[in-house]
Amino acid sequence: MSLPVEEDDIRMFSSSYPPSVNDWMKAIRRPTPYRVGNARVHLKPRVVFYAVMFSTAVLVLLIMFIPRQSHQPCIQKEIEYNTTYPLTNPFNILHGTVYKIGLVTDLDTNSKSEKPDTWFSYYRTGNFTLSHDRISAGVILGQPMIFTSTLGQGGRGMELSELVVFNGKLYTVDDRTGIIYHIVGNKVIPWVVLPDGNGENNKGFKCEWASVKGRRLYVGGLGKVWTTGTGEVVNHDPQWVKSIGPLGDVQHLDWRQQYNALREATGIKDPGYIIHEAGVWSEVHQKWFFLPRRASKEKYDETADERRATNLMFIADEFFQNINVKSIGQVNPTHGFSSFKFVPGTEDTVILALKSEEDQGKIASYILAFDIKGNLIMPEQKIGDVKYEGIEFV
């Protein structure tokens, strides 16, 4: 097979054959002809070489400097959690350890301010001193300050029923609106709104107790079925518990089985009931502790309920399969537990608690301390003629 020979190539070697060295050099330097359609383009090999090298360099630079999308799986950074507790370091004195404590009030309908669309609550701080041998204690409280909010529901608001430190911050809960407030200085800032029951209600959750477990904040209700004033069952919404993460995500947990297990541990059967306003998870013991406000083997009655306070303490494992029931002191039928916390540094063996009294219009609050064996360390002391329903080491 013969190869095509260009006319110019034939003329180049026709004058002398065989071709000389100079003829070969001229042929190499001669631009290489290319045909584009009917036109012929002459390109020098050197020019082509430089063009290719330049294009390659530009391509390499583009690959190096243009951002490339990673195809590696996205790994979410673990959320940082602040384990500071208590917020103020305790200090030792000659006869014991001094802790800073805080208390908040639930004033019910009296929380309405004279200002339009404004509600308020009292916040009070003080010192709690526990002796080094943990057999005696004392409390000194300062003057209260006032928190206000313009958020309400049904004409009510700021009925604060608990205090809790979570993720290095101090929070309080409103049992009327379901709002969790972050306490900053002398003001409260709304953080999360908890709807009632399974989370599909437009009514606020009646928050009564709060505790930290596994870096999540658990907020619970009364733990009994919601009834009319004469005991007719309306719904099970107060038997749900809310689990809130550090970023404010909310899980709605059906706790009917857990609450019923506590009731059954006392031998109370339907239509009897237990009302819970004080519950805490112990990381040390890996158990739940509950101090119920009221209990009865009888059907709920709004008036009779005022004199059904208890002196009970429940200690339950994580799954409420093993429950121990203890008694704390003597029963006062109008003084029921409303909040408590373990005293830091006592390996969750000493409890500081509040009791509330509502009896035929008489309202008062009391503070006491005892160990988890049921031994009183500080007998009840009256601290005011309002309901202090939340206590925390701040």
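When reading the values below, keep in mind they use all heavy atoms of this one structure, side chains included, and skip hydrogens, waters and symmetry mates.
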### Message
Would you say that more than 12 heavy atoms from the other residues, nucleotides or ligands in this model lie under 6.0 Å from the CD of Glu200, or not?
### Response
no
### Task
Take Ser243 and Arg216 through the side chain to side chain donor-acceptor pair (under 3.5 Å) test and state the conclusion after the steps.
CA-CA 6 Å; Ser243 173; Arg216 292 188 68 86; 2.6 Å; yes
### Query
How far apart are the C-alpha atoms of Asn332 and Thr334, what are their side-chain angles, what is the distance that settles it, and do they pass the side chain to side chain donor-acceptor pair (under 3.5 Å) test?
CA-CA 6 Å; Asn332 186 320; Thr334 63; 3.2 Å; yes
### Summary
Between Val193 and Thr177 the two heavy atoms that sit nearest each other are CG1-O, 4.1 Å
### Query
If every non-hydrogen atom of Val241 is compared with every non-hydrogen atom of Gly220, which pair is closest and at what distance?
CG2-CA, 4.1 Å
### Query
Does the side chain of Asn82 pick up a donor-acceptor pair with the side chain of Asn167 at under 3.5 Å?
no
### Summary
Nearest heavy-atom contact between Ile244 and Lys242 is CD1-O, 3.8 Å
#### Entry: Whether Glu306 side chain and Gln360 backbone form a donor-acceptor pair below 3.5 Å
yes
### Task
Let me know which of Ser356, Ser121, Ser111 forms a side-chain hydrogen bond (donor to acceptor under 3.5 Å, both in side chains) with Thr105.
Ser121
### Message
When you compare the side chain of Leu352 with that of Phe393, does any pair of heavy atoms fall below 4.5 Å?
### Response
yes
### Query
Taking ILVMFWY side chains as joined if any heavy atoms are under 4.5 angstrom apart, and letting links pass through other members, which residues group with Ile372?
Val280, Phe289, Leu291, Met313, Ile315, Ile328, Phe337, Phe340, Phe342, Ile351, Leu368, Phe370, Leu376
#### Entry: Trp288/Phe314 aromatic ring centres below 6.0 Å
no
### Task
Would you name the heavy atoms of Val225 and Gln239 that are closest together and state the gap between them?
CG1-OE1, 3.7 Å
### Message
If you count heavy atoms of other groups shown closer than 6.0 angstrom to OH of Tyr122, is the number above 12?
### Response
no
### Query
Do Phe128 and Val98 touch side chain to side chain, with heavy atoms closer than 4.5 Å?
no
### Query
More than 12 non-hydrogen atoms from neighbouring residues, nucleotides or ligands closer than 6.0 Å to CD on Glu298, yes or no?
no
### Query
Does some side-chain heavy atom of Leu194 sit less than 4.5 Å from a side-chain heavy atom of Val250?
yes
### Query
Is the NE2 atom of His95 crowded by more than 12 outside heavy atoms at less than 6.0 Å?
no
### Query
Less than 4.5 Å apart, any side-chain heavy atom of Val188 and any of Met158?
yes
#### Entry: Stacked cation flag Lys224 on Tyr273, 6.0 angstrom / 45 deg
yes
### Task
Go through the steps for Glu392 and Tyr85 under the test side chain to side chain donor-acceptor pair (under 3.5 Å), then give the verdict.
CA-CA 10 Å; Glu392 180 59 291; Tyr85 185 81; 2.6 Å; yes
### Query
Between Asp254 and Arg256, is there a salt bridge with N-O shorter than 4.0 Å?
yes
### Message
Would you say His276 and Glu208 are linked by a side-chain donor-acceptor pair, where the criterion is simply a distance under 3.5 Å?
### Response
no
### Query
Going by an N to O cut-off under 4.0 Å, is there a salt bridge joining Asp108 and Arg176?
no
### Task
Report the C-alpha separation of Lys269 and Glu264 in whole Å, then their side-chain angles, then the decisive distance to 0.1 Å, and conclude whether the salt bridge (Lys or Arg N to Asp or Glu O under 4.0 Å) test is met.
CA-CA 7 Å; Lys269 300 179 180 180; Glu264 292 167 1; over 6 Å; no
### Query
Would you say Lys297 has more than 12 foreign heavy atoms packed within less than 6.0 Å of its NZ?
no
### Task
Decide yes or no for Ile367 and Gln381: does some side-chain heavy atom of the first lie under 4.5 Å from some side-chain heavy atom of the second?
yes
### Query
Between Asp305 and Arg294, is there a side-chain N and carboxylate O pair less than 4.0 Å apart?
yes
#### Entry: Minimum side-chain heavy-atom gap Lys287-Glu318 below 4.5 Å
no
### Message
Please determine whether salt bridge (Lys or Arg N to Asp or Glu O under 4.0 Å) holds for the pair Lys341 and Glu162, giving the CA-CA distance in whole Å, both sets of side-chain angles, and the decisive distance to 0.1 Å.
### Response
CA-CA 11 Å; Lys341 295 294 186 299; Glu162 187 60 288; 3.3 Å; yes
### Task
Please confirm whether the backbone N or O of Gly329 pairs with a side-chain atom of Asn311, one donor and one acceptor, at under 3.5 Å?
yes
### Message
Under a 3.5 Å distance rule, please check whether Asn235 uses its side chain to pair with a backbone N or O of Asp237 as donor and acceptor.
### Response
yes
### Task
Determine whether Leu103 and Leu141 make a side-chain contact, defined as any pair of heavy atoms from C-beta on separated by less than 4.5 Å.
yes
### Over 12 non-hydrogen atoms of neighbours within 6.0 angstrom of CD1 in Ile140
no
Donor-acceptor list for residues 142-153 side chains, cut-off 3.5 Å, not counting sequence neighbours:
| unit_1 | atom_1 | unit_2 | atom_2 | d |
| --- | --- | --- | --- | --- |
| Ser149 | OG | Leu151 | N | 3.1 |
| Ser149 | OG | Tyr181 | OH | 2.8 |
| Gln153 | OE1 | Gly204 | N | 3.0 |
| Gln153 | NE2 | Asn202 | O | 3.1 |

### Message
Would you say that more than 12 heavy atoms from the other residues, nucleotides or ligands in this model lie under 6.0 Å from the NZ of Lys187, or not?
### Response
no
### Message
Take a 6.0 Å sphere around NZ of Lys169 and say whether it holds more than 12 heavy atoms from other residues, nucleotides or ligands.
### Response
no
### Task
Give a yes or no on whether the backbone of Leu163 and the side-chain of Thr172 come within a donor-acceptor separation of less than 3.5 Å.
no
### Donor-acceptor contact below 3.5 Å, side chain Asp359 vs main chain Lys362
no
### Task
Step by step, work out the side chain to side chain donor-acceptor pair (under 3.5 Å) result for Asp348 and Ser282.
CA-CA 7 Å; Asp348 289 0; Ser282 169; 2.7 Å; yes
#### Entry: Audit row: Glu347, Arg134, salt bridge (Lys or Arg N to Asp or Glu O under 4.0 Å) steps and yes/no
CA-CA 12 Å; Glu347 299 80 38; Arg134 301 177 184 175; 3.2 Å; yes
#### Entry: Heavy-atom pair with the smallest gap, counting every atom of Trp191 and Pro246
CZ2-O, 3.6 Å
#### Entry: Distance in Å, Asn260 CG paired with Phe320 CZ, rounded so as to fall on 0.5 Å steps
11.5 Å
### Task
Assign the ring pair Trp255 / Trp209 to parallel, tilted or perpendicular, where the plane angle (0 to 90°) is split at 30° and 60°.
tilted
### Message
For a 4.5 angstrom cut-off between non-hydrogen side-chain atoms, does Glu159 reach Glu389?
### Response
no
### Summary
Residues Thr84 and Val165: closest non-hydrogen pair is O-CG1, 3.8 Å
